[in-house]
Amino acid sequence: MLARQTLRLSTRARLFSSTAARPAAAEVKRLGVIGAGQMGLGIALVAAQRANVPVTLVDASQASLDKGIAFAEKLLAKDVAKQRITQEQADAARALFTPTTTLDSLADVDFVIEAVPEIPSLKFDIFSKLAEICPKHAILATNTSSISITRIAASTTGGRPTDTSNSSRVVSTHFMNPVPIQKGVEIIAGLQTSAATLETAVAFCQRLGKVASVSADSPGFLANRILMPYINEAVICLETGVGDRDSIDAIMKNGTNVPMGPLQLADFIGLDTCLSIMKVLHEETGDSKYRPSVLLRNMVDAGWLGKKSGKGFYDY
Ligand code: NAD
């Protein structure tokens, strides 16, 4: 099925994009990761540990970089303590990291994954620079949760949208949180993404031990398009008195064999994140079925964001 969807999107990509060669996944000798936060660090760690790939890790803030590296070291030490890996393997993985605060250090990568905060102008600015800095064969991937891949790709054209030499190498590799644990990754093709770029992105994520799902560029992609309306509907059920919190979570947990109910899951994701994704689905599609729940909005306004703020549908 994956091969069929990749082929379908690849065929569409061939209609529009350049046919420039891209490195095969095995030829990715150095990865660049931008943003040493939750997601970027997880991606860098998985690449070093599972695929033995050297990683240039860029963050604008030295403090975030130090914090990220310290966290990676802690995770590696935990793996050693649990005898999942040896001390030598942990040291070898750590040695593959090159931390830096300058984007110019990405001049020798074959594949780069951007994981900076979800701010469109920030991502557009970074991609316009990557088009200049990275080698011409390199794949430029984003980990965005909600921003259009097509728009990110357009930012690499320097105002010449019909020149697809850079935009055709932009793709999304949307990893799930926490990256070392969640196996799934969404590979999303923008309108300009070439077949070769898409195929390399799928194969590289497989090399990292992930299970890839391929989709077209559409609001929410696949995972959030399906998950967020489910969570939103659970909040509407609570808001309108169809069921109380415990009944809603219990029926979904015990009736559909998921590890936690939708309200608890929303608390773990962060209610602000859930609301912002629902807003994207609503605004980008104009479809009223994606209207965010009033209770969800009110809880975000109150600062009750879930686990991270100590209060959401549950108290922490
Ligand atoms: P985060 O806030 O934990 O980390 C972002 C990092 O980027 C920070 O360390 C910050 O210092 C750095 N940064 C900011 N501006 C920068 C710049 N100009 N250049 C280099 N580094 C810069 O964020 P996160 O949760 O890791 O999310 C990153 C991306 O992944 C976002 O697009 C988000 O939507 C997406 N995402 C997040 C999750 C999640 O559950 N957290 C899941 C899937 C996708």
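Worth saying up front: this structure is predicted, and the values here are computed from it rather than measured. Indexing begins at 1, ligand by ligand and atom by atom, following the structure's order.
- Counting heavy-atom neighbours within 6.0 Å of K67 NZ, excluding the residue itself, gives a total of 12 or less.
- In this structure, L75 places its CG atom where more than 12 heavy-atom neighbours from other residues, nucleotides or ligands lie under 6.0 Å away.
- Salt-bridge check for E284 with R151: passed, with a basic side-chain N closer than 4.0 Å to an acidic carboxylate O.
- Annotation: ring pair (Phe, Tyr, Trp, His ring centres under 6.0 Å) contacts of F111 (sequence neighbours excluded): F204.
- The CD1 atom of I277 lies 4.0 Å from the CE atom of M228; values are rounded to the nearest 0.5 Å.
- Near ligand 1, residues I34, G35, A36, G37, Q38, M39, D59, A60, S64, A115, V116, P117, E118, L122, K123, I126, N143, T144, S145, H174, F175, N177 each place a heavy atom inside the 4.0 Å sphere around the ligand atoms.
- Contact between G312 and D267 at its shortest, heavy atoms only, is CA-OD1, 3.4 Å.
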